[in-house]
Amino acid sequence: MSSLVDKSAERRWPAEGFTRIPYWVYTDQDVFDREMERLFWGASWCFVGLSCEIPNPGDFKRSWVGTRQVVVTRDKDGVANVLENRCAHKGALVCWQDRGTAKDLICPYHQWSYDLKGNLTGVPLKRGALGKGGMPRDFDNSRHGLRKLKVHERGGVIWASYDPDVPDFESYCGPDALHYVDRLFPGRELELLGYSRQIIPCNWKMYFENLKDPYHATLLHAFFITFGLWRADSKSHSSCDGDGRHGVMVSRNEGKKTTGATKEMARFADSLEMNDKDSVTPAPEFADREVAGITLFPSVVLQQQANTLAMRHIIPKGPGQTEISWHFFGYADDTPELRRLRLRHANLMGPSGFVSVDDSEVLAQCQFGASTAGNAAAVLEMGGKETEPQDHMVTEVMIRGFYKFYRKEMGY
Amino acid sequence: MKENVTRVYRGRQSESRELRDLRRDLRDFYEEYTLAIDENELETWLEFFTDDAVYKAISRENWDLSLPLATMYCDGMAMLKDRVQAIRETAVFEPRSQRHFVSGVRLRGTEADGTILVQANYLVTEALSNRDPVVFSVGRYIDRVVRDDSGFRFREHCAVYDNYRVINTLVWPL
Ligand SMILES: [Fe+2]
């Protein structure tokens with residue numbers, strides 16, 4: 001919903017502060033452009049893929065950092081590189097394949113070639129032909145490589161940053177978020193089970209906020225509530241980390257039960273039973289018995305629910321369009337039974353998910369609501385007006401914490 | 001698998017009447033199958049599957065990479081029924097109407113026990129409540145079909161969609 005009129009002058013954050021979200025943050029093109037510059041291409045670590053997608057030297061895959069396409073490569077030394085997919089010569093995409101194995105990357109246009117670290121290794125006809133033409137003597141290959149991002153590979157996940165001075169990954173996460181990253185990725189070899197990709201007509205922050213909102217999950221998702229996979233009356237924990245940019249949302253699978261709280265859950269369906277019990281019965285897996293959803297700013301949601309594990313890569317396409325690329329995975333040493341359950345429980349998630357359908361549908365409606373709301377604002381007072389950690393789900397604390405951070409970074 | 005089927009027919013007289021009848025009957029079968037979805041008759045939709053049927057709506061990307069993850073997955077009648085129950089009882093989604101178009105029904109062979117291997121193209125349009133139809137999903141059905149006295153049923157139905165991304169949500173089966 002971009003507009004030719006520059007509205008930035010009339011955009012003011014409401015006086016209430018981070019308990020309000022003005023709707024223009026979801027709709028204005030100039031806000032979106034500033035988010036790319038300051039958040040996605042600034043001092044952030046962005047998810048670009050799993051190590052098991054490019055296990056061997058020469059392997060590559062395409063990915064995204066915000067709206068920019070990158071190539072993730074494994075070079076001959078076994079090191080992961082993240083390179084902007086843009087030829088240093090005329091700007092063409094160098095890599096036209098989603099994945100593959102190669103010795104180097106060659107731009108199809110004039111066949112400039114780059115090694116898998118992004119260094120320019122060849123310019124055809126550099127010295128001309130028949131003694132004529134060619135590059136000037138002072139043309140220096142080493143100054144015309146692909147744009148290289150800073151890379152951090154840890155526990156089977158590849159992270160990238162445009163900022164060479166970005167803080168180290170551990171301090172960027174903070175202790176609480178890092179605990180849950182390492183819990184899911186302790187260094188066990190991963191097995192990619194598959195991708196699920198969808199384009200949701202909503203702003204990327206709406207998607208991000210949805211995973212910082214345990215309150216909605218106890219009301220909207222009849223499937224969750226009924227089968228005890230996420231309920232307001234189970235033990236839980238909601239907190240922020242990294243100055244508010246990340247969210248840590250933790251609960252437990254309680255199983256099907258009726259309590260006082262279910263009376264207020266209008267969508268609790270006591271009479272509903274699954275024909276396939278395996279679909280709602282997780283095998284014990286993590287010693288802490290927790291279920292965790294981590295929003296690792298700005299580009300990914302770490303999903304662990306029942307036995308389904310996924311990295312949900314958030315790829316903004318514009319103020320009102322967001323691609324979610326779910327990377328479902330397990331561990332290479334999973335038993336066949338656990339692998340079977342992971343594939344069954346994947347039915348909860350993705351564009352057809354018993355639970356996730358609700359979210360995608362609701363977010364599309366929210367974006368429509370925001371598109372004409374301009375200076376009006378959403379209200380975030382569930383669980384109080386502060387950003388301190390809370391030991392329950394009836395709260396929007398993680399969203400408040402996020403907008404406290406967001407305003408500072410964006411200068412709003 | 002026995003590749004016993006003429007892949008290019010071109011109206012050849014020599015092709016057996018049996019094969020031509022089979023192809024015609026399968027075209028009817030696919031039209032009935034997709035009609036059940038278009039008409040929101042999901043209880044009827046269940047009747048198109050054997051009790052041990054496998055259903056997958058899966059991206060061409062995963063299919064080509066032999067990755068097991070399907071966007072919608074049912075292993076047996078219990079899971080098929082659960083999918084219908086979720087659509088009917090728990091899922092929250094904007095009302096929509098869909099139309100399926102099936103073409104290019106092709107016999108690919110038969111297995112030792114008589115299971116027929118069939119492939120077809122499909123296209124689905126989707127119109128959300130107050131908007132115009134868009135081309136929602138395009139792909140191939142890659143199926144294993146059995147036939148008994150009660151007619152055809154899917155033992156395996158894989159809707160392999162060409163879409164790189166699902167347009168928001170895939171609520172109804174393909
Ligand atoms: Fe949700």
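Just the heavy atoms: all of them, side chains too, but no hydrogens, waters or symmetry mates, feed the values below. Proteins come first, then strands; the chains are lettered A, B, ... in the order of their sequence lines, and each starts at number 1.
- By the 4.5 Å heavy-atom criterion applied to side chains, A:Pro351 and B:Asn168 are not counted as neighbours.
- For B:Arg88, no part lies near chain A; criterion is any non-hydrogen pair under 4.5 Å.
- Comparing A:Trp326, A:Tyr195, A:Phe328, A:Phe224 by how many heavy-atom pairs each has under 4.5 Å with chain B, the most go to A:Tyr195.
- Chosen from A:Ala364, A:Ser325, A:Ala222, the residue pairing most often with chain B at heavy-atom distances under 4.5 Å is A:Ala222.
- No other option in A:Asn347, A:Val362, A:Ile200 has as many heavy-atom pairs under 4.5 Å with chain B as A:Asn347.
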Exercise for review: Begin from the C-alpha positions of A:Arg99 and B:Leu65 and carry the test side chain to side chain contact (heavy atoms under 4.5 Å, CB included) through to its verdict.
Suggested key: CA-CA 10 Å; A:Arg99 60 185 61 77; B:Leu65 293 168; 3.4 Å; yes

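- In this structure, the portion of A:Asp98 lying under 4.5 Å from any heavy atom of chain B is its side chain and not its backbone.
- For chain A, the nearby part of B:Gln85 is the side chain; its heavy atoms alone come within less than 4.5 Å.
- Remark: side-chain polar atoms of A:Gln198 are not paired, donor with acceptor, to backbone N or O of B:Val166 under 3.5 angstrom.
- If you measure heavy-atom distances from A:Leu220 to chain B, the contacts under 4.5 Å come from both the backbone and the side chain.
- Here the side chains of B:Val92 and A:Val357 are not in contact, with every heavy-atom distance at 4.5 Å or above.
- No more than 12 heavy-atom neighbours from other residues, nucleotides or ligands sit within 6.0 angstrom of OH on A:Tyr215.
- Only the backbone of A:Glu273 comes within less than 4.5 Å of a heavy atom in chain B; its side chain stays farther off.
- Both the backbone and the side chain of A:Leu192 come within contact range of chain B, with heavy atoms under 4.5 Å apart.
- Annotation: A:Lys317, atom NZ; neighbour count of heavy atoms from other residues, nucleotides and ligands within 6.0 Å is above 12.
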Practice item. Go through the steps for B:Met79 and A:Asn275 under the test side chain to side chain contact (heavy atoms under 4.5 Å, CB included), then give the verdict. Key: CA-CA 7 Å; B:Met79 288 180 80; A:Asn275 294 290; over 6 Å; no

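- Summarising the geometry, atom CG belonging to B:Leu67 is positioned 10.5 Å from atom CG belonging to A:Leu343; distances are rounded to the nearest 0.5 Å.
- When the shell of 6.0 Å around CZ of B:Arg17 is examined, it contains 12 or fewer heavy atoms from other residues, nucleotides or ligands.
- Side-chain N or O atoms of B:Asn62 include none that pairs as donor or acceptor with a backbone N or O of A:Gly194 at under 3.5 Å.
- The backbone N or O of B:Glu94 sits less than 3.5 Å from a side-chain atom of A:Glu361, completing a donor-acceptor pair.
- Side-chain N or O atoms of B:Asp82 include none that pairs as donor or acceptor with a backbone N or O of A:Met274 at under 3.5 Å.
- Residues B:Arg83 and A:Ser352 come closest through the heavy atom pair NH1-O, 2.7 Å.
- More than 12 heavy atoms of other residues, nucleotides or ligands lie within 6.0 Å of CD in A:Gln365, so this atom counts as buried by the packing criterion.
- Between atom NE2 of residue A:His221 and atom OG1 of residue B:Thr90 there is a gap of 11.0 Å, rounded to the nearest 0.5 Å.
- Rounded to the nearest 0.5 angstrom, B:Met72 CE and A:Phe354 CZ are separated by 8.0 Å.
- For the atom pair B:Arg165 CZ and A:Ile199 CD1, the distance stands at 4.0 Å (nearest 0.5 Å).
- When atom types are taken as modelled, the side chain of A:Asp358 and the backbone of B:Ala91 share no donor-acceptor pair closer than 3.5 angstrom.
- With a 4.5 angstrom heavy-atom cutoff, A:Ser360 touches chain B via backbone and side-chain atoms both.
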Check your understanding: When you look at A:Arg197 and B:Asn163, which way does the side-chain hydrogen bond (donor to acceptor under 3.5 Å, both in side chains) test go after all the steps?
Key -> CA-CA 9 Å; A:Arg197 305 184 197 271; B:Asn163 305 57; over 6 Å; no

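- For the set B:Leu128, B:Asp75, B:Ile167, the count of heavy-atom pairs under 4.5 angstrom toward chain A peaks at B:Asp75.
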